[in-house]
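Model, not experiment: these values are computed from the prediction. Naming: A, B, ... by sequence-line order, numbering from 1 per chain.
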Amino acid sequence: MALTGNVDPQSQVSAPILQQRSLAYFTDLNPADNRKFIEARVYRKWTTMKVPNLIPTCFSCILLDKKGSAIQANADLKEKERFQHDLQINCVYRIQGFGFEKTDSWGKTLDNDMTLCFGKHTQIDPLKDNDYPYHYFSFAAYNELGGRLEKKNPILTDYIGYIHNVEKVKEYGGATGNKFKLRNIGIRNVNNNVVTFTLWNEKADNFEEDEYLKMTKPVVLAVSSCYLKTYGGQLQLSATSATSYYFNPPIEETAELLAAYRQILQLISYNQDNTAAPQLEVQTERLIDWEQERTRNRVALGTLLQIDPNTQQRVLFTQEVMILQIDNTHEWYYQKCDECGGKLTYGFVHGHCHQYGTQPKPQKSYSFRLVMTDGTGNATMTCFSPQTDGLIKDINTLLEEVADKSPEIIPAQILALENTRHVFQFRFAKPVAKGAPTFILQKVMDHMPSILPASTEGPSSPPVASTYDQSAIHSSPPPATPLASQETPTDVATVTYLPGSSNVRKELFTASIEEEINPEAKKQKTE
DNA sequence: CCCCCCCC
């Protein structure tokens with residue numbers, strides 16, 4: 001193994017020997033030549049563990065030289081503490097007194113048949129020079145994964161894409177077998193192919209979920225040295241001991257992904273303008289999967305607030321938010337016309353909504369407004385019944401509990417929503433002349449529904465389309481006679497518009513358009 | 001030296 005036998009750094013001649021060695025780039029290293037030293041950045045380091053018993057076997061690191069080549073170095077566990085201390089991530093060192101071994105074909109991190117061996121004669125000296133690359137990847141494209149899968153011992157896989165969704169840690173197994181934790185993270189490419197990246201045990205726990213939530217979306221994730229396999233018929237990038245991952249790494253691919261995303265935002269603006277929409281050859285995928293649906297169109301509030309709401313009237317967005325405040329200047333409920341959904345000012349009749357002689361059945365609806373944040377911006381959202389389901393009890397139940405039923409007095413039950421976290425699906429409200437855009441709650445997505453949207457197939461409950469609430473067009477069929485009052489914009493009539501008839505449209509936002517326009521489509525897919 | 005990467 002070690003070809004450093006002739007060198008004794010303890011001896012008095014260590015200085016002359018140091019001078020005899022010469023600097024080499026990784027490409028110049030020769031396993032039979034002991035007279036080279038290297039200067040390198042420590043890029044990654046890890047302790048290889050056996051699976052599933054997690055017995056540590058070896059300390060390893062990946063080094064980058066000035067020319068951007070990468071090489072792995074291994075050390076016996078006996079030396080682990082020393083190298084953990086002497087080799088700090090991202091720091092640059094002169095390293096000499098190493099040996100060579102043939103790279104193990106199992107779990108190769110690099111396309112490199114040579115691995116360095118570090119041991120007790122390895123000398124490490126920090127350098128000030130910082131002119132070294134920060135990253136080294138060899139990304140596989142989505143359509144290359146299948147080919148890699150077939151190989152017996154391929155190089156571990158690097159992959160990059162947008163974070164599509166981040167699942168919570170799940171625990172499996174028990175004392176009678178193996179017990180472990182895992183966290184799945186969906187990684188989406190520009191063609192909307194999603195691959196699962198799985199972190200295990202400590203790596204699952206240590207995923208910086210809070211940091212991720214605070215970041216402007218979309219977030220690019222680069223993952224390295226994953227074991228590629230299939231699970232449940234789906235491709236899976238399974239983290240290994242050697243796996244590292246990076247949010248928005250400063251590399252070309254990140255810039256490409258983010259640029260592609262900006263283009264998508266522009267694209268949907270074109271579509272909504274009724275102008276000829278640039279067509280991207282991307283197939284429309286419906287997101288039946290709850291986890292995917294609740295992360296669909298997960299655009300940062302800070303981004304949404306900069307977009308012209310007029311271009312996004314039929315798009316459903318989702319976001320994980322915290323409710324900062326309930327707007328106490330806004331009435332928290334109103335009397336809703338059971339035909340048009342508009343506000344019934346006290347004592348007024350909607351003679352235009354009901355056949356003369358029939359008994360109207362006005363209902364009450366929530367209408368409270370809240371301020372929510374995702375860390376990138378604060379947005380105001382109005383919440384109507386029944387889209388408030390899952391957030392707060394039924395309006396009638398709550399009204400029975402409150403002493404003062406004035407709609408100006410916000411009950412404690414609503415105020416209690418402040419400082420709670422939720423996943424909301426929402427849309428832009430019809431823009432008003434001035435002020436920041438506001439939103440309308442579409443769906444509370446904190447928890448997977450036990451029954452699929454009952455409201456979708458709800459009874460004959462007519463639609464609600466008040467000034468603010470166009471959302472109801474999603475949850476109930478359009479009215480037989482969509483009459484427009486000053487409270488009731490004409491959007492109900494216009495929702496029959498479907499931009500383009502091509503089935504190759506940009507998935508990212510069109511699935512929501514489809515659903516809203518055609519509730520039947522959604523109904524079918526849930527059956 | 002060999003094995004071997006956790007979930008249906």
Side-chain angles (χ1 to χ4, degrees), chain A residues 1-3 31 44-62 72 74-78 80 99-115 117 119 137-138 140 144-159 163-187 194-207 209 221-245 288-292 295 448:
Chain A
M1 168 184 118
L3 299 172
R44 301 172 189 152
K45 57 177 180 176
W46 68 94
T47 302
T48 299
M49 311 263 216
K50 283 198 172 193
V51 169
N53 54 28
L54 309 181
I55 292 172
T57 56
C58 174
F59 172 84
S60 298
C61 61
I62 288 180
Q72 183 175 320
N74 294 340
D76 194 278
L77 277 185
K78 284 181 297 206
K80 177 184 159 177
F100 298 86
E101 67 185 5
K102 197 169 181 333
T103 304
D104 193 344
S105 63
W106 175 259
K108 277 178 84 168
T109 57
L110 303 166
D111 187 8
N112 189 336
D113 288 327
M114 202 161 71
T115 296
C117 300
F137 293 105
S138 180
E144 292 174 328
L145 297 178
R148 284 170 160 260
L149 204 54
E150 288 166 16
K151 289 190 190 166
K152 181 81 177 80
N153 278 319
I155 297 158
L156 294 170
T157 300
D158 296 352
Y159 197 74
I163 293 184
H164 183 68
N165 64 313
V166 176
E167 292 183 11
K168 300 289 177 199
V169 176
K170 289 183 252 186
E171 294 194 48
Y172 285 91
T176 56
N178 290 323
K179 199 156 100 181
F180 54 88
K181 296 189 250 188
L182 72 82
R183 187 201 291 271
N184 288 324
I185 296 165
I187 304 181
V194 178
V195 180
T196 300
F197 168 56
T198 303
L199 291 167
W200 304 95
N201 301 315
E202 275 183 40
K203 278 194 167 89
D205 282 330
N206 294 343
F207 179 82
E209 200 175 0
L221 185 70
V223 302
S224 68
S225 300
C226 295
Y227 177 70
L228 180 66
K229 60 205 266 273
T230 55
Y231 173 73
Q234 304 272 47
L235 285 167
Q236 180 184 31
L237 295 161
S238 179
T240 65
S241 310
T243 293
S244 295
Y245 57 85
I288 300 165
D289 176 57
W290 171 257
E291 202 56 46
Q292 290 184 15
T295 52
M448 187 179 316

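- The distance from atom CH2 of A:W106 to atom C1' of B:dC6 is 12 Å, rounded to the nearest whole Å.
- Atoms CD (A:E171) and P (B:dC6) sit 18 Å apart, rounded to a whole Å.
- Atom pair A:D104:CG and B:dC2:P shows a separation of 8 Å (rounding to whole Å applied).
- Nearest to the side-chain atoms of A:Q236 among the listed nucleotides B:dC3, B:dC6, B:dC7 stands B:dC7.
- Counting any heavy atom pair closer than 4.0 Å across all strands shown, A:K170 reaches no nucleic acid atom.
- Summarising the geometry, the separation between OH on A:Y172 and P on B:dC5 is reported as 18 Å, rounded to the nearest angstrom.
- Going from atom NZ of A:K179 over to atom P of B:dC7 covers 15 Å, rounded to whole Å.
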Apply the test side chain to side chain contact (heavy atoms under 4.5 Å, CB included) to residues A:F207 and A:Y245: give CA-CA distance (whole Å), side-chain angles for both, the deciding distance (0.1 Å), then the verdict.
CA-CA 9 Å; A:F207 179 82; A:Y245 57 85; 3.6 Å; yes

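- Partners of A:A140 according to the side-chain contact (heavy atoms from CB on, under 4.5 Å) rule, which considers only residues two or more places apart in sequence or in another chain, are A:E144, A:L145, A:R148, A:T157.
- For A:K179, the NZ atom counts as loosely surrounded, since its 6.0 Å shell holds 12 or fewer non-hydrogen atoms of other residues, nucleotides or ligands.
- Per the stacking criterion (ring centres < 5.5 Å, plane angle < 30°), A:W200 stacks onto the base of B:dC6.
- Straight-line distance from the NZ atom of A:K229 to the C1' atom of B:dC5: 7 Å, rounded to whole Å.
- B:dC7 atom P lies 18 Å from atom CZ of A:F197, rounded to whole Å.
- At the heavy-atom level, A:Y227 lies under 4.0 Å from the strands shown only through sugar-phosphate atoms.
- Between the CG atom of A:L182 and the P atom of B:dC7 there is a distance of 9 Å, given to the nearest Å.
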Donor-acceptor pairs are to be reported for all side-chain atoms of residues 48-57 of chain A against protein atoms at under 3.5 Å, with residues two or more places apart or in another chain.
unit_1 : atom_1 : unit_2 : atom_2 : d
A:T48  : OG1    : A:W46  : NE1    : 3.2
A:N53  : OD1    : A:I55  : N      : 3.2
A:T57  : OG1    : A:T48  : O      : 3.2

